[in-house]
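Starting from 1, each residue takes its place in the sequence as its number. Computed from a prediction, not measured in an experiment: that's the story for all the values here. Indexing begins at 1, ligand by ligand and atom by atom, following the structure's order.
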Amino acid sequence: MPGPLRRPLTADVAVVGGGIVGLATARALRQARPGWRVLVLEKEPAVAAHQSGRNSGVIHAGVYYPAGSAKAELCGRGRALLLDYCRQEGIPHRITGKVIVATRPDELSRLHDLRHRALANGIAVTVLDPTGLAALEPHAAGLAALHVPSTGIVDFGAVCAAIAAGLEADPDAELWLGAGVAEVEDGTERVTIGVDRGGRAVPVEVAAMVNCAGLHSDEVAARAGLPAGVRIVPFRGEYHELRPERRHLVRGLIYPVPDPRFPFLGVHLTRDIHGGVHAGPNAVPAFGREAYRWRDVRPADVAGAARFGGARRLARRHWRTGLDEVARSASRSRFAAALARLVPEIRVDDLTPAGAGIRAQAVRDDGTLVDDFAFATGHRTVHVLNAPSPAATASLAIAETVARRVIALLDG
Ligand SMILES: Cc1cc2nc3c(=O)[nH]c(=O)nc-3n(C[C@H](O)[C@H](O)[C@H](O)COP(=O)(O)OP(=O)(O)OC[C@H]3O[C@@H](n4cnc5c(N)ncnc54)[C@H](O)[C@@H]3O)c2cc1C
C-alpha cells in the first residue's frame, strides 16, 4: 500500500522578510539555482516597510569594521555589487564622499585609529587639516577630519522596489505581501510554515526556509526551534531635516568620530539622493519592535525585553549614555547642539522632525551587543540573526553568503 500522498511543495525555498536582505536573498537564490522556485513572505502590505525603507541611505565604504570581520568583507563586496546593480537598473545614486570630523582633542587618536582600520580594509582615505576640511565642507569645523571619497548615497527603498519588480516578473519567484509567518516546523524532509494571509491560515511547504525577518528574526528563529542564543533589542533612530533654505550648510556627508563602545555612528548630517539634508539618527530605546514614536508602546515587546537578562544588563551598563540620548530626543535644542559641534552655524530653528527608523540589534544574554553580522543554520533553515548597518550596503553580498548556505543544505 502506498503511504498517504504528501502535498507538493509550495516552492523550493521560502524567504521570510521583504526587506533588502530577504529580497536580495531571493534574487541570489534564483540566480544561483535557476531551477528552484522561490517564495518571499512579507507580513506588511509593501516591501521595505521597516529598516530597509527607514535609514540614512548611505552606501558605506567600510572604514569602521575590523579587518577580517564579516562586516568588513561583505560591506566591501556588497558596495561593489550594489553600484553595479544601481547602474544596471538605472537607480539614482551618487558617490559623494564623506568627512569624519574630530572636534575634540581626545577624538584625534580615534580618528587615526579609523584611518588605520580603513587602510587595513583597502579603503583609500586622507587626513585633512581644518583648511582641507573647509575646502570640502565650508561650513564644517573641526581639529582634523578623515576624508572617505568612496562613500555614496542611494534610496534603499528604490533598490528594494527594483529587486521586488524583478522577482515579480520572474515566473519562478513569488512575492506574497500581507503574509506573516506565525509557525515554523523545521522537519526532516521539509519545512512547514503556518502563514497568516489576511486573517486566513495558509500552510506553506518548502524544502528550505531563510529567515530575514529583521526586527523579528529572533522570534522567527525561536519558532523554527533554533536555540535562543541572541535576542533583538530595538533601538530607535530619530531624524530631523534641515529647512530647505539651510541645506547649503552641508555639501555631502558630515559624521562625528564614533564612540567605540557603541555600534552606532553618532548623529550625522547627510545630503540624500533627493536633494534634502537629514540629521540623525540618535539611538534611544524603543518600547516595541516597530514603535516609531515615544507614544507607541507594545506591551508584549516591553514585557519580553524586561524578562530578557541581556536587555537588563545592557541597560545597567549604559544607563548614563541612554539618558543623554533620551534627553536629546526630548529636546530639539540638544539635538541641534550635537549637530552644531560639526557645523557651528546650525541652530534649533533649522530643524524639522523627519521620522524615525528602528535598528534590529542582536544582544547576548550577558548584555553585550553582537558587533558583527551573524548567521545560523538549522535543519532545513538558514537564519540572519544580526544584520544592522551596513547591511543595506552589504545586502547583495549577504545574499550570496546566505544562498551558499541554503545550497549546502539542499545539495548536501
Ligand atoms: C535608522 C537606521 C539607519 C540606517 N542607515 C543605514 C545606512 O545609511 N546604510 C546602510 O547600509 N545601512 C543602514 N542601516 C541598516 C539597514 O537599514 C539594515 O541593516 C537593513 O535594512 C536590514 O535589512 P533587513 O531586510 O534585514 O531588515 P528589514 O528591512 O527590517 O526587513 C525585514 C522584513 O521582515 C518582515 N517580517 C518580520 N517578521 C515577519 C514575519 N513573521 N513574517 C513575514 N515577514 C516578517 C518585516 O515586515 C520586514 O519587512 C540603517 C538602519 C536604521 C534603522
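Side-chain contact between Pro258 and Leu114 is present, with at least one heavy-atom pair separated by less than 4.5 Å.
Taking the six-membered ring where tryptophan is involved, the planes of His60 and Tyr255 are perpendicular, since the angle between them exceeds 60° and thus also 30°.
Below 3.5 Å of separation, one finds no N or O of Gly214 facing any N or O of ligand 1. Checked against a 3.5 angstrom limit, the closest N/O atoms of Glu44 and ligand 1 fall outside it. Distances between N or O atoms of Gly180 and those of ligand 1 include no value under 3.5 Å. Annotation: Ile20 places an N or O atom under 3.5 Å from an N or O atom of ligand 1; distance criterion only. Ligand 1 has no nitrogen or oxygen under 3.5 angstrom from a nitrogen or oxygen of Ile358.
Within the set Gly53, Ser52, Gly157, the minimum heavy-atom distance to atom 20 (C) of ligand 1 is found for Ser52. The closest heavy-atom contact to atom 28 (P) of ligand 1, among the options Gln51, Lys43, Arg359, comes from Gln51.
Ligand 1 is approached by Tyr239 to a heavy-atom distance shorter than 4.0 Å. Residue Ala356 places no heavy atom under 4.0 Å from ligand 1.
A 6.0 Å sphere centred on CD of Glu73 holds no more than 12 heavy atoms belonging to other residues, nucleotides or ligands.
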